[in-house]
Amino acid sequence: MQSNEPGPEFSGVVKWIDRRLPIFTMMSKEYQQFPVPRNLNYFWSFGALASITLIVMIATGIFLAMQYQPNTELAFNSVERIMRDVNYGWLIRYIHMNGASMFFIVVYIHIFRGIYYGSYKEPRELLWILGVIILILMMATAFMGYVLPWGQMSLWGATVITNLFSAFPIIGEPIVTWLWGGFAVDNATLNRFFALHYLLPFVIFAVVFLHIAALHIPGSNNPDGIDPKGPQDTVNFHPYMTAKDMIGIAVFLLVYAALVFYAPNFLGHPDNYIPANPLVTPPHIVPEWYFLPFYAILRSFVADWWFFQIFLGWWGMTAKLAGVLAMFGSLILLAVLPWLDTSRVRSCKYRPVYKWLVFLFVIDFAILGYVGGKPAEGWYVIVAQWATLYYFFHLLILTPFVGWMERPKPLPASISQPAVAPAE
Amino acid sequence: MSMSIKSRMIGRALLGAAMALMIGGGSAQAAEGIVPPSQDWSFNGVFGTFDKASAQRGLKIYKEVCSGCHSLNLMYYRNITALGYSEDQAKAFAAEYETTDGPNDDGDYFTRPARPSDRFVAPFENEKAAAASNGGKAPPDLSLMVKARMHGADYIYALLTGYKEVPPEGVTLSPGGHYNEYFPGHQIAMAPPLFEDAVEFDDGTPATVEQMAKDVSMFLAWTAEPEMEDRKGMGVKVFLFLLVFLGLAIANKKRLWAKLH
């Protein structure tokens, strides 16, 4: 995109460096003069919030790693030592622990923003796919991080999730043994999870860099979903967007601080303050809240479900494998959303039907999350199964068909002239 | 509305606002079993602190009743200065216990009086010994009990006061089982640990079962979260800072964007 102003002028040492390595020019072009649509709302702050959370997680994580012992005999007590005897260890750990939840809250809202305003559509498909990759990497990282304190839910959560791979015929069992580094979730597993939990955030960081690089080619989408037509439609990223982001950051930090200081364990499970014990299985094994919608999809597939019996069961597929494929499929399908959505209009502001379907999709996701945290019995199973079907129905059927059938509202002529020209 | 319910509601409302969007108010903490009644704990709420007199009585109950079976492995004797004891008192408290040390220069392990830098001495050598003396299952360590159970201190209090001498109609207890209203499954191996005047409090507080249950729950709330007072105190300052920051951010944004139009 064209910037509103000529290139920056530097002097002295900065000029000397910039002529040889133009990082100052780059920063100025990408983070100062970078033009953004002037009609962005606060949903557009969540990308910045997610970046900040990533940095907070890496910073606190490095300090935790200095005190943590990735050994099944020592891990639980080393975490408690951080909580009790390391200076401000409780603060650093609670920031890290709740930071994971904040990361998912922010990223889920960021994804909702992308879906509602059609940010994934041409020319931002690759940007969107990189985002889905970040989400999947985040999930892997969070899952392994939850194992590290070596409480009951760490051990049993890890056992349940790694066991999913055993659903694959023939190669399943060897994969699980390979993941574990043995015949149970044990010291070898804890060690490698620690190593990977330390590595993956830097991989995420790299993909975030690509995500932002890909964003800076077409620039930000906006609530109207139309391209800026000129400088009158945009403002400079700094100071205009940064000033808005500051408000978002303050509100975000208030919510984050409420968790860290007043309800640090609200989103966790009490069982994880019981040291891991391979001989005692907790009555209900539940993953962290941000996995619950996907966990509900996984558990929906039981052998006596009519949908499974009619469509999947007869050619030898097990319910467990169907559940695993559905769970991974529910994530991977998001990556192809740019091609599932056939509408040429980006923003739901101008899509009278799909707008409501997006809200329904969010409600469906919330219902999946709710039943995912309940025991898999009675009505919870039936609700989870219908919600699972709706999840796929929305993405695979409703999204393409509504895109073809729907009559969108007329788009405004430009961002700076939001009033629609009267029909001739 | 009692304080505890109120503060919990405020806390939940704050978080709920953030969470409702994504998970519809439900969290991983699916309620299990009977919900114990909320007590009016001094540590509830944004400005909550531990009632030190109560926690000191709780320490005495732990020492004279609980510590016969339950360890407190994460606590050091030095930690009790946080309950208002002097360093000399902590030293004297520790010296009442014998701990194993070594090996010495001759390669032998030996016992010596515990020091403030030692962990609370556990009642049994190891988990197997604890299990062998308690019908096959080791009594759990109490350090984190309040954080490791749904409903925390409310649950501990309810459990300690929830024994029924005669189980309700139709419930048959297995040998060594005791009926408790709040224990999951209602059958608990631990015999009712508290009875009237089981301990004599130094401050003259009558040692009713309810009083003792309250005091020991207070004590265990402290052992589970010794950082709580620091945490909540810092939280107030962080909130004040962030509110000022938010005000400045809003003013700055308004001033800047006003020039655009």
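Here is the naming used below: chain letters follow the sequence lines, and residue numbers restart at 1 for every chain.
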>> Under a 3.5 Å distance rule, please check whether A/Tyr240 uses its side chain to pair with a backbone N or O of B/Leu256 as donor and acceptor.
In response: no
> Contact part of B/Tyr76 toward chain A, heavy-atom cut-off under 4.5 Å: side chain, backbone, both or neither?
Replying inline: side chain
> Which residues from residues 134-146 of chain B are near chain A, with near meaning under 4.5 Å between non-hydrogen atoms?
Replying inline: B/Ser143, B/Leu144
>> Which residues pass the side chain to side chain donor-acceptor pair (under 3.5 Å) test with A/Asp271, not counting sequence neighbours?
In response: none
> Using non-hydrogen atoms only, which part of A/Leu91 is less than 4.5 Å away from chain B: side chain, backbone, both, or neither?
Replying inline: side chain
>> How long is the straight-line distance from CD1 of B/Ile250 back to CD1 of A/Ile247, given to the nearest 0.5 Å?
In response: 5.5 Å
>> A side-chain contact here means heavy atoms from C-beta on lying under 4.5 Å apart; do A/Met83 and B/Lys147 qualify?
In response: yes
> Which bit of A/Tyr295 is near chain B, if near means a heavy-atom gap under 4.5 Å: side chain, backbone, both or neither?
Replying inline: neither
> Under a 4.5 Å heavy-atom cutoff, which of A/Asn77, A/Val260, A/Ile249, A/Ile274 has the most pairs with chain B?
Replying inline: A/Ile274
>> Could you tell me if the side chain of A/Arg84 sits less than 4.5 Å from the side chain of B/Met75, heavy atoms only?
In response: yes
> Do B/Arg149 and A/Tyr273 pass the side chain to side chain contact (heavy atoms under 4.5 Å, CB included) test, and can you show the C-alpha distance, the side-chain angles, and the key distance before you say yes or no?
Replying inline: CA-CA 8 Å; B/Arg149 293 293 180 276; A/Tyr273 283 107; over 6 Å; no
>> As an exercise, state the distance from OG1 of A/Thr242 to CG of B/Asn252, rounded to the nearest 0.5 Å.
In response: 8.0 Å
> What part of B/Arg255 is in contact with chain A, defined as an atom under 4.5 angstrom from a non-hydrogen atom: side chain, backbone, both or neither?
Replying inline: neither
> Which bit of A/Asp85 comes within less than 4.5 Å of chain B, counting heavy atoms only: side chain, backbone, both or neither?
Replying inline: side chain
> Short question: side chain of A/Trp90, backbone of B/Arg231 - any donor-acceptor pair under 3.5 Å?
Replying inline: no
> Of the listed residues (A/Gly372, A/Pro264, A/Ser101), which shares the most heavy-atom pairs with chain B below a 4.5 Å separation?
Replying inline: A/Pro264
>> Looking at A/Met97, I'd like to know if its CE atom is crowded, meaning that more than 12 non-hydrogen atoms belonging to other residues, nucleotides or ligands lie closer than 6.0 Å.
In response: yes
>> Just so I understand: if I count every heavy-atom pair under 4.5 Å between each of B/Asp230, B/Leu246, B/Asn79, B/Leu248 and chain A, which residue has the most?
In response: B/Leu246
>> Between A/Tyr256 and B/Val238, is there a side-chain heavy-atom distance shorter than 4.5 Å?
In response: no
> chain B heavy atoms under 4.5 Å from A/Tyr88: which part of the residue, side chain, backbone, both or neither?
Replying inline: side chain
> Does any non-hydrogen side-chain atom of A/Phe261 lie less than 4.5 Å from one of B/Lys232?
Replying inline: no
> Of the backbone (N, CA, C, O) and the side chain (C-beta and beyond), which part of A/Phe252 lies under 4.5 Å from a heavy atom of chain B, both, or neither?
Replying inline: neither
> Side chains of B/Met150 and A/Pro270: does their closest heavy-atom pair fall under 4.5 Å?
Replying inline: yes
